[in-house]
Amino acid sequence: VGDRLQFKLLGRNTEWDTSLTDILITDKVPKQFVVDTATIKLVDSTGKEQALSPHVYDPVSGDLTVNVPGSMGFNESIYVTFEADIDPSAAGLTITNSMDIYTIKASKHDSSDVQVIVENIAFTMQKRVRNVTNGETDYGVETAAKPGDTVSYQVAIINMSKSREVPSGTVVEDLLDPVLTHTGNV
């Protein structure tokens, strides 16, 4: 969750002595992948890369549609690349992304799928409180306090993953309610 993926939608001409034209590449991008339209690129059969208009992607429907100019000779390939961020709604799911490629020859329709297994969120944050004035020594999820009492908060990042570390440089920010006054160490 929150990771960035790069997709490569590849087409290759395997028809001997045939040049393919009117090439169309489509991808119904799942809603759990948030496409960065600034990263959509086409690499043609000569290897030339060009940035594509953001309009080739419809964020409402998830349709990515690229009409490829020119032709693709035998054993040549073309591809579209783009990057997408994994939305938090994908946590714990296996998401399938499917692409199709069409040419002027009706017999030349191919498709391909890729599955992305998304881990559950690996980190959680927990905030606990204790009333120092009342002599509480253990932090809990709530405490009783009255004006003038001193309360102490404990904020912790809990790593739920065995395979990932809390990223270096992680910053925890906790805004105090305006009725509280900061009096101690952080």
Side-chain angles (χ1 to χ4, degrees), residues 1-15 20-70 72 75-127 155-174:
V1 173
D3 289 344
R4 180 159 278 218
L5 304 173
Q6 183 180 49
F7 291 93
K8 182 177 184 178
L9 314 176
L10 174 71
R12 180 181 304 278
N13 181 359
T14 58
E15 294 233 353
L20 300 176
T21 59
D22 296 319
I23 302 163
L24 176 69
I25 296 176
T26 64
D27 186 351
K28 182 81 167 172
V29 181
K31 67 179 185 235
Q32 294 90 349
F33 299 146
V34 181
V35 174
D36 178 352
T37 57
T39 66
I40 304 172
K41 295 182 175 91
L42 168 68
V43 177
D44 66 20
S45 60
T46 68
K48 180 182 171 196
E49 179 181 285
Q50 70 181 46
L52 296 176
S53 165
H55 295 97
V56 299
Y57 176 67
D58 179 349
V60 175
S61 67
D63 292 333
L64 176 70
T65 307
V66 178
N67 289 297
V68 180
M72 181 171 47
N75 210 29
E76 291 180 339
S77 61
I78 52 147
Y79 56 91
V80 171
T81 61
F82 67 92
E83 295 178 7
D85 296 320
I86 302 174
D87 187 82
S89 66
L93 301 176
T94 299
I95 312 294
T96 301
N97 188 27
S98 301
M99 64 86 66
D100 293 283
I101 185 167
Y102 304 88
T103 69
I104 191 77
K105 297 178 80 174
S107 65
K108 291 308 293 174
H109 166 249
D110 286 311
S111 60
S112 181
D113 298 335
V114 64
Q115 290 190 330
V116 178
I117 300 169
V118 182
E119 291 182 3
N120 280 315
I121 296 174
F123 312 104
T124 62
M125 192 165 76
Q126 183 181 74
K127 181 177 180 178
V155 179
I157 297 176
I158 301 166
N159 187 352
M160 310 279 285
S161 170
K162 293 179 179 149
S163 63
R164 295 177 70 179
E165 293 181 12
V166 175
S168 174
T170 299
V171 175
V172 176
E173 184 175 328
D174 184 35

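Computed from a predicted structure; not experimentally measured.
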Query raised in the report: What pairs meet the salt bridge (Lys or Arg N to Asp or Glu O under 4.0 Å) rule with one or both residues in residues 28-44, with sequence neighbours excluded?
Result: R4-D36, K28-D63

Query raised in the report: Does anything in residues 92-104 pair up under salt bridge (Lys or Arg N to Asp or Glu O under 4.0 Å), and if so which pairs, sequence neighbours excluded?
Result: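 Sorted pair list comes back empty.
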
Requested in this report: Check whether any side-chain heavy atom of P59 sits under 4.5 Å from a side-chain heavy atom of T37, and report yes or no.
Outcome: no

Query raised in the report: Testing I78, L20, T103, I23 for side-chain contact (heavy atoms from CB on, under 4.5 Å) with N13, which one passes?
Result: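 Of all the options given, the one that passes is L20.
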
Report summary line: Which of L52, V56, V66, V29 passes side-chain contact (heavy atoms from CB on, under 4.5 Å) with F82? It is V29

Report task. With sequence neighbours left out, write down each residue that passes salt bridge (Lys or Arg N to Asp or Glu O under 4.0 Å) with D174, or none if nothing qualifies. Result -> K127

Report task. Check step by step if side chain to side chain contact (heavy atoms under 4.5 Å, CB included) holds for N75 and R12. Result -> CA-CA 6 Å; N75 210 29; R12 180 181 304 278; 3.8 Å; yes

Report summary line: Separation between OG1 (T65) and CG (L24), nearest 0.5 Å, reads 6.5 Å

Query - Nearest heavy-atom neighbours spanning Q32 and S89 - result: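 In this case the closest contact between Q32 and S89 is CG-OG, 3.7 Å.
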
Residues 91-99, side-chain donor-acceptor partners within the protein, below 3.5 Å, at least two apart:
| residue | atom | partner | partner atom | Å |
| --- | --- | --- | --- | --- |
| T96 | OG1 | Q115 | NE2 | 3.4 |
| N97 | ND2 | D27 | OD2 | 3.1 |
| S98 | OG | D113 | OD1 | 2.5 |

Query - With sequence neighbours excluded, residues passing side chain to side chain contact (heavy atoms under 4.5 Å, CB included) with L10 - result: S77, Y79

Query raised in the report: Is the backbone N or O of E83 less than 3.5 Å from a side-chain atom of T39, with the two atoms forming a donor-acceptor pair by type?
Result: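 A pair under 3.5 Å: yes.
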
Requested in this report: Kindly write out the residues that satisfy ring-ring contact (aromatic ring centres under 6.0 Å, His included) with F33, not counting sequence neighbours, or none if the list is empty.
Outcome: F7

Requested in this report: Please lay out, stage by stage, how V43 and T81 fare under the test side chain to side chain contact (heavy atoms under 4.5 Å, CB included).
Outcome: CA-CA 8 Å; V43 177; T81 61; 5.6 Å; no

Report task. Evaluate side chain to side chain contact (heavy atoms under 4.5 Å, CB included) for I40 paired with L64, printing each intermediate quantity in order. Result -> CA-CA 9 Å; I40 304 172; L64 176 70; 3.9 Å; yes

